[in-house]
Amino acid sequence: MSDTLYSPQSIEIKWQKLWDESGIDVASEGEGDNRETYYCLEMFPYPSGNLHMGHVRNYCLGDAVARYKRMRGFNVLHPIGWDAFGLPAENAAIKHGRPPAEWTYANIEQMSAQLKRLGLSYDWNREIATCKPEYYRWEQWMFTKLMEKGLAYRKEAEVNWCDPCHTVLANEQVEDGVCWRCDTPVHKKNLAQWFIKITDYADELLNDLDKLSGWPDKVVGMQRNWIGKSSGAEVSFQVEGSDKTLDIFTTRPDTLMGVTYMAVAAGHPLAIKAAENNAELAAFLEECSVISTKEADVATMEKKGMALGVNAIHPITGEAVPVWVANFVLMSYGTGAVMSVPAHDERDYDFAKKYGLDIKQVITNATGDADVSEAAFTDAGVLIHSGEFDGLKSNKAKKAITYWLNTNNKGEERTQFRLRDWLVSRQRYWGTPIPVIHCENCGTVAVPEQDLPVVLPEHLQPTGGASPLADCEAFVNTSCPQCGKAAKRETDTFDTFMESSWYMNRYTSANCDTAMLDANSMEKWAPVDQYIGGVEHAVLHLLYARFYHRLMRDVGLFDGEKVGSEPFKNLLTQGMVLLDGTKMSKSKGNTVDPVTIIEKYGADTARLFTLFAAPPERDLEWSDKGVEGASRFLNRVWVLLDKVGQVNPGQADAKTTKTLRRTIHTHIQRVTHAFEQGFAFNVAIAAMMELSNALNAFDAHDDEGKAVVEEGVRALVTMLAPLVPHFACECGERLGFATVAVMAAWPEVDESALVQDEINLVVQIQGKKRGEIVVSPDVSQDDALAAAQADEGITKWLEGNQIVKVILVKGRLLNIVVKPA
RNA sequence: GCCGGGAUGGCGGAACUGGUAGACGCAGGGGACUUAAAAUCCCCCGGUGGUGACACUGUGCCGGUUCGACUCCGGCUCUCGGUACCA
């Protein structure tokens, strides 16, 4: 019997100390290190105060990957840091009356200790915090480069505005159309904001999605839809009685002859002008400004509109069609105006029915009987009531009509993206200052490189109203770098997606203080081989990071040939951690504290459970009982170690020993396969449990049996090392491993151990299992059929029938198809 | 609304490329050990019928392809994530 019981607390602290001292988690930059590099990265945490189970899951997955790759002989980079700017720090600051910096730094300290207690194999030498000037100075530098290149620009955009609070609200701060703090209805307001031209990269970002074979199809699909390339035409409608045109984009120029009205956004200049002497219309525009800017709200609200009393001239027929303002047309998408073809578009149809607008059918189906009296006909088809275009199919008609518009100077072929430029300004304090100075003489001037970073004062106290940065004279007042006269700093800060868009590259050269990146280090490690994080980042963060990586490439920070255009080679999107079927969250009060679990069961049990309870990409339902099960398994393995070296009295059986050895090697194969195929740790652990059960059920009666048991237990402990590293190291020490278990070589499958003399072959009649026969693994179809026909349990199903077809699936089954004789 | 997932026993899940559905674990039932309890160990465990061998049935719903479908195709339902200022 083992003289010591498995006691996780002391073991874990012991090994954490030993790993730290030996530096095995440090990514080697050394010249003499010839190992292939592997970069494993988990999405860095927002320092909210305490680690939650979502973090634990994310980082246990990443750690298992990193440790597995080390055991496979890779030189692994596995860094960690803090996404430290953001709204929650300001909210906490308001609540506690202390500056966000204090709260943030205290949280980082606390969460670092919690991460360390989990035994995660991070290279802490590369730790970064995005709220530090050493980090964000390079983001500011990059922004000034983008200004130089014309990729950053300023224009007006709508924000959620709360009058009493005198501040811009995040979408999250708008609840059912009212401000979360004062319950006043929120309305839209235009502000001058900074944008980055991600649309210049839309085609590249779209086309390169094909290269992302290591990403889940669903994420690639979501990005493709988000970028949303569509081809169609831009069409100019003359505004009646004016020299202005109303320009629209449509993907269906074939339906142009069916336009019966136009619709513009409430913020469209035409609507604003028409409202000048129309009180009713002005009131409607005001009503439209009181809804949130969320797409989901806009899409689900009741569709409303009002005629502007203005007409547009149809470019082909010359007919006048009324222009309406509609609450579902967005100023931020396309031109802020659409042509409406109710006969062939569902939304236009509903709107036309509601307001009694004309419905003119111009497309029919192949049989010519498409009907629009009850619903819109939205399929492609054949043109009717379209003058010279009658009889053309939709595809041809699109080209013909676009060609007509082009030759008559009333439109042209166009590609439109759903993707909009990235709005990076935030009217908030706790973020990276935008490195711009406003000068009365010179306009907006970028802060010169030698004056960077623009340091954010960390002592300010937000109140819930306007940003305290704007009131901080020491920050705001400066001089113009061009003319030297008194000038004012930009007080907006960057969207926090800016920081998280390049941190993965910064880790390669985290301590470089002379440039954003050290090109050599970047080219050594990047791109990230395996990125792991929540699927909720499938579009925004991952798209911005793909974009920013290209910006860094194009600014010349690294060689695009060597690194490639994509920052993340493989992506694993993990599911959420649920309790009672809903996401664990503080606000719902359904959380389980990781620290409590670690204190009760140890980090290894917590790690094992989160990896075992669900496949990585699926949601994980938390179960206290399941945690106990994980703990029991570790105890069983702990006791199993006592079997090593034992020879029991009794008769040895060579066949049983051979079967055990086969089991050991099929399980090494299965575990390895599970690791290699999408890191299916839940399946790997199940296979390890089976192996443990098989070893436990076997008693060695001779030296051969003893040797096989030892082989099996050693393989089991080695394969457990990436998942429960402290436990495996302690077991390895007990077994006399030559190296620490977490750096041991991964077990190899002995193919010769897998060979079987005979197998059970399933016999089916009409695809239903009716029995099994024992045959050689490479039995012929005829021999298998003969064996089946000799089996009493099977022949009874064949009686009175004639065999029509026989199918042998080698090593699996024999299916006999019969019909009544 | 739009875009994208998911649905398998009482529960979490497994099932290779279309080839024995329910591995592994949890819960539950029975037993061993114990004065007792805990811990541990052994057996059973989708449903219906049957003492049993066994039979029928069964992977959200409806339909299809196939010798054979959890897996492929068409149509739904419910649910979750994203929806551009939460990160």
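We name chains A, B, ... by the order of the sequence lines, and we start the count at 1 in each one. Remember, predicted model here, so these are calculated numbers, not experimental data. These values consider heavy atoms only, across backbone and side chains, with no hydrogens, waters or symmetry-generated copies.
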Sugar-phosphate, base or nothing in reach of A:Glu90, heavy atoms under 4.0 Å: nothing
side-chain N/O A:Arg420 vs B:A84 OP1/OP2, d < 4.0 Å: no
Integer angstrom distance from the P of B:A27 to that of B:U40: 10 Å
Side chain of A:Ile807 (C-beta onward), nearest among B:C67, B:A84, B:C24: B:C67
A:Glu536 side-chain proximity, nearest of B:A84, B:G82, B:G25: B:G82
Test of ring centre spacing under 6.0 Å for A:Phe351 and A:Phe328: yes
Options B:C85, B:A87, B:G12, nucleotide nearest the side-chain atoms of A:Phe612: B:G12
Interatomic distance where CG belongs to A:Leu695 and P belongs to B:C41 [whole Å]: 15 Å
Plane angle bin for A:Tyr548 and A:Trp422 - parallel if under 30°, tilted between 30 and 60°, otherwise perpendicular: perpendicular
Touch class at under 4.0 angstrom, heavy-atom based, for A:Arg670 against every strand present: nothing
Sugar-phosphate, base or nothing in reach of A:Ser425, heavy atoms under 4.0 Å: base
Anti or syn - B:G9, cut at 90° from 0: syn
Spacing of A:Lys304 atom NZ relative to B:G1 atom C1', expressed in whole Å: 17 Å
Watson-Crick and G-U pairing of RNA chain B, under 3.5 Å, as dot-bracket with | and [ ]: (((((((..(((......[....))).(((((.......))))).((((....))))..(((((..]....))))))))))))....
Minimal non-hydrogen separation, A:Val762 against A:Lys769, with atom names: CG1-CG, 3.7 Å
A:Asp421 with A:Lys197: basic N within carboxylate O range, under 4.0 Å: no
Value in whole Å for how far the P atom of B:C85 lies from CH2 of A:Trp180: 16 Å
Worked verdict on A:Val639 versus A:Asp642 for side chain to side chain contact (heavy atoms under 4.5 Å, CB included): CA-CA 6 Å; A:Val639 175; A:Asp642 293 333; 4.3 Å; yes
N/O donor-acceptor pair, side chain A:Gln173 with base B:C85, under 3.5 angstrom: no
Test salt bridge (charged side-chain N to carboxylate O under 4.0 Å, His left out) applied to A:Glu617 and A:Lys218, step by step: CA-CA 12 Å; A:Glu617 61 280 4; A:Lys218 65 171 176 177; over 6 Å; no
Phosphate-side-chain proximity, A:Thr496 and B:A87, N/O vs OP1/OP2 below 4.0 Å: yes
Nearest-Å distance once atom P is located in both B:C72 and B:G6: 10 Å
B:C61 and B:C70, which share atom name C1', separated by this distance in whole Å: 15 Å
Among B:A14, B:G81, B:C24, the one nearest A:Val535 by side-chain distance: B:G81
Spacing of the P atoms in B:C62 and B:U8 (rounded, Å): 16 Å
Presence of A:Lys768 side-chain N/O under 4.0 Å of B:U57 phosphate oxygens OP1/OP2: yes
P spacing across the pair B:G60 / B:A55, given as an integer number of angstrom: 25 Å
Euclidean distance for P, B:C11 against B:G28 (whole angstrom): 15 Å
Proximity of A:Tyr136 and A:Phe85 rings by center, below 6.0 Å: yes
Backbone N/O of A:Val818 and side chain of A:Gln766: donor-acceptor pair under 3.5 Å: yes
Between B:U20 (C1') and A:Lys769 (NZ): distance, integer Å: 5 Å
Sugar-phosphate only, base, or nothing, as touched by A:Leu813 at under 4.0 Å among non-hydrogen atoms: base
Touch class at under 4.0 angstrom, heavy-atom based, for A:Trp797 against every strand present: sugar-phosphate
Euclidean distance for P, B:A69 against B:G18 (whole angstrom): 14 Å
Closest to the A:Met689 side chain, choosing from B:A87, B:G25, B:G19: B:G25
Side-chain donor or acceptor of A:Tyr6 paired with backbone N/O of A:Val637 under 3.5 Å: no
Nearest to side-chain heavy atoms of A:Glu690, which nucleotide of B:A23, B:U40, B:A87: B:A23
Nucleotide B:G25, atom P - distance to CG of A:Asn696 in whole Å: 11 Å
hbond_proxy A:Glu295 side chain to B:G1 base (donor-acceptor, 3.5 Å cutoff): yes
5' precedence on RNA chain B between A:Ala686 and A:Val219 (nearest-nucleotide basis): A:Val219
Sugar-phosphate, base or nothing in reach of A:Met43, heavy atoms under 4.0 Å: nothing
Selected nucleotide, minimal atom distance to A:Gln764 side chain, candidates B:C41, B:U20, B:G1: B:U20
Side chain of A:Arg428 - closest among B:A84, B:U57, B:C85: B:C85
A:Glu172 CD to B:G82 C1', straight-line distance once rounded to whole Å: 14 Å
Selection from B:G1, B:A87, B:A14 that lies nearest to any side-chain heavy atom of A:Arg618: B:A14
Sugar-phosphate only, base, or nothing, as touched by A:Val817 at under 4.0 Å among non-hydrogen atoms: sugar-phosphate
Atom-pair distance (CG on A:Leu634; C1' on B:G25), nearest Å: 13 Å
Any A:Asn682 side-chain nitrogen or oxygen under 4.0 Å from OP1 or OP2 of B:A14: yes
B:G25 phosphate, OP1 or OP2, under 4.0 Å from A:Asn693 side-chain N/O: yes
Spacing of the P atoms in B:C80 and B:G25 (rounded, Å): 32 Å
Spacing of A:Asn225 atom CG relative to B:C3 atom P, expressed in whole Å: 7 Å
Minimum-distance nucleotide (side-chain atoms of A:Arg632 versus B:G12, B:A7, B:C26): B:C26
Short N-O contact, A:Glu302 and A:Lys354, less than 4.0 angstrom: yes
Parallel, tilted or perpendicular: ring planes of A:Tyr544 versus A:Phe497, cut at 30 and 60 degrees: tilted
